[in-house]
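Keep in mind that the numbers below use all heavy atoms, side chains included, and drop hydrogens, waters and symmetry copies. Just follow the structure's listing: the first ligand is 1, and inside any ligand the first atom is 1.
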Amino acid sequence: MKFLGLTLLIIGFAGCQSAEVAQALEAQSRSISSMIVDTLEAMKIQMEEGWPQYGIPPMAPLVLNHKELNFDSANGEFDNIVIQGLNEFEIVSLKTSPLLSRMTFEFNFASLNVTTNYKADIGSSSRMQRNGGAFLALEDLNIDGQIKYSLGVISGNVKIKDIKILIKVGNVVSNIENLSKYRILNRKLNEVVEEFITLTINDNTDFVAEWIDTTATPVMNDLIGDKSLADILGIINGGGSGGSSNNA
Ligand SMILES: *[C@@H]1O[C@H](CO)[C@@H](O)[C@H](O)[C@H]1NC(C)=O
Ligand SMILES: *[C@@H]1O[C@H](CO)[C@@H](O)[C@H](O)[C@H]1NC(C)=O
């Protein structure tokens with residue numbers, strides 16, 4: 001809290017435009033950035049255990065028992081779903097600009113993948129049934145983002161104003177068994193899936209960005225409630241006691 005108060009005081013004085021203030025601001029911004037990077041690094045490790053005190057299960061890997069998807073003419077059931085790689089991302093860059101209340105970042109996931117068993121009913125009349133194992137990976141997944149926020153001057157409370165995120169996938173690997181009993185045709189069908197997912201992600205960047213902004217912004221603000229930045233960093237770090245563990 002003291003740390004944030006100081007930051008805000010400096011931001012307040014930035015109007016003077018003195019070189020000293022500019023330098024202090026620059027240092028302050030570097031120090032906030034490295035605090036956030038440290039928190040994310042701690043988060044990657046904590047993701048293996050989750051945050052049971054907040055009802056968040058282990059996320060690396062994330063194991064889901066049973067999911068069903070229903071479309072007009074197709075039903076799918078998925079069992080033994082294992083999602084790997086959620087915590088294996090590299091922080092390519094992360095910069096904060098307190099003066100502009102903006103944070104920009106770039107993360108890269110080498111492989112984000114899911115393994116599952118599936119059962120599918122396709123087509124209402126011909127009733128095609130398929131089942132087998134499935135593996136799907138998004139490789140070299142790049143997330144480029146910018147978050148604009150506002151910070152309460154006295155409370156230090158954070159509110160997200162907007163989120164801009166660009167997602168690009170380098171390569172998609174699909175290995176769904178038993179789409180066809182003919183091996184060559186099965187490979188072909190997987191190639192169709194790979195191309196479809198690649199295009200869906202890489203050619204709909206505006207749509208994805210819009211969706212994330214409208215969906216994630218209110219959810220994040222709900223989660224944040226009236227917590228300060230220091231509280232949030234403390235919670236992510238696994239302490240949950242609100243920032244006292246930070247070396248502010
Ligand atoms: C799945 O992702 C994990 C984490 O990134 C990686 O270690 C593993 O090699 C991937 N599995 C395959 C089969 O690519
Ligand atoms: C492929 O699907 C058929 C029809 O549902 C099923 O009988 C067979 O066991 C499946 N094969 C594999 C390898 O899962």
Side-chain angles (χ1 to χ4, degrees), residues 34 36-52 54-69 76-94 103-120 130-145 147 163 165-205 208-209 211-212 215-216 220 236-238:
S34 72
I36 294 174
V37 169
D38 287 351
T39 301
L40 286 171
E41 294 295 347
M43 183 183 91
K44 289 187 198 172
I45 297 167
Q46 190 65 36
M47 282 172 85
E48 289 166 16
E49 325 236 296
W51 288 262
Y54 299 105
I56 299 175
M59 296 183 60
L62 177 64
V63 179
L64 305 169
N65 287 330
H66 184 84
K67 284 265 170 274
E68 287 182 24
L69 283 181
E77 280 180 50
F78 302 87
D79 281 293
N80 308 315
I81 308 164
V82 179
I83 300 173
Q84 277 191 297
L86 285 171
N87 69 336
E88 293 192 28
F89 58 91
E90 187 197 339
I91 302 168
V92 181
S93 72
L94 189 145
M103 180 170 102
T104 54
F105 55 87
E106 185 182 343
F107 300 152
N108 187 274
F109 293 79
S111 176
L112 197 60
N113 57 60
V114 54
T115 312
T116 185
N117 293 318
Y118 80 97
K119 215 189 291 177
R130 291 283 177 271
N131 66 69
F135 172 84
L136 195 71
L138 305 179
E139 295 181 347
D140 184 20
L141 182 72
N142 218 68
I143 298 187
D144 224 318
I147 295 179
I163 304 176
I165 287 187
L166 282 182
I167 300 179
K168 280 260 168 213
V169 64
N171 188 40
V172 175
V173 179
S174 168
N175 251 317
I176 308 173
E177 289 172 6
N178 213 14
L179 285 173
S180 160
K181 61 182 171 180
Y182 304 106
R183 232 160 53 112
I184 292 178
L185 188 53
N186 201 62
R187 185 61 235 149
K188 271 279 162 250
L189 290 169
N190 273 290
E191 281 169 17
V192 172
V193 172
E194 286 165 356
E195 191 169 338
F196 175 76
I197 295 175
T198 307
L199 293 179
T200 302
I201 295 176
N202 291 349
D203 285 2
N204 289 289
T205 46
V208 174
W211 182 79
I212 288 173
T215 322
M220 284 182 70
I236 296 172
N237 271 324

If only atom types and distance count, is the side chain of [X] paired as donor or acceptor with the main-chain N or O of [Y] below 3.5 Å?
X: Asn202; Y: Val169; value: yes
X: Asn190; Y: Ile176; value: yes
X: Glu90; Y: Asn108; value: no

Suppose we measure from [atom] to each protein heavy atom; which comes out shortest, and what is that distance?
atom: atom 7 (O) of ligand 1; value: Glu88 OE1, 4.2 Å
atom: atom 14 (O) of ligand 1; value: Phe135 CZ, 3.8 Å
atom: atom 2 (O) of ligand 1; value: Asn113 ND2, 2.3 Å

Notebook entry, point to check: Any N/O of Ser111 closer than 3.5 Å to an N/O of ligand 1?
Noted result: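 Ser111 vs ligand 1: N/O contact under 3.5 Å present.
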Checklist line | Gap between atom OG1 of Thr116 and atom NZ of Lys67 - 0.5 Å precision | finding: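 Separation between the atoms: 11.0 Å.
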Next item on the list: Using a distance threshold of 4.0 Å (strictly less than), state whether atom 11 (N) of ligand 1 has a protein heavy-atom neighbour.
Entry: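 Answer yes: something from the protein, a heavy atom, is under 4.0 Å.
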Margin query: Any heavy atom of Phe109 closer to ligand 1 than 4.0 angstrom?
Written below: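 Contact check Phe109 vs ligand 1: negative.
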Checklist line | Asn171 side chain reached by Asp140 side chain, heavy atoms, under 4.5 Å | finding: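 Heavy-atom side-chain distance check fails, nothing below 4.5 Å.
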Check: Nearest non-hydrogen atom to atom 4 (C) of ligand 1 belongs to which of Ala137, Gly85, Ala110?
Finding: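 Result: the heavy atom closest to atom 4 (C) of ligand 1 is in Gly85.
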Item checked: Atoms in ligand 1 flagged as close to Gln84, the criterion being non-hydrogen separation under 4.0 Å ->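 Those atoms are 1 (C), 2 (O).
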Item checked: Electrostatic pair Glu194:Arg187 at N-O distance under 4.0 angstrom ->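 The answer is yes: the pair qualifies as a salt bridge.
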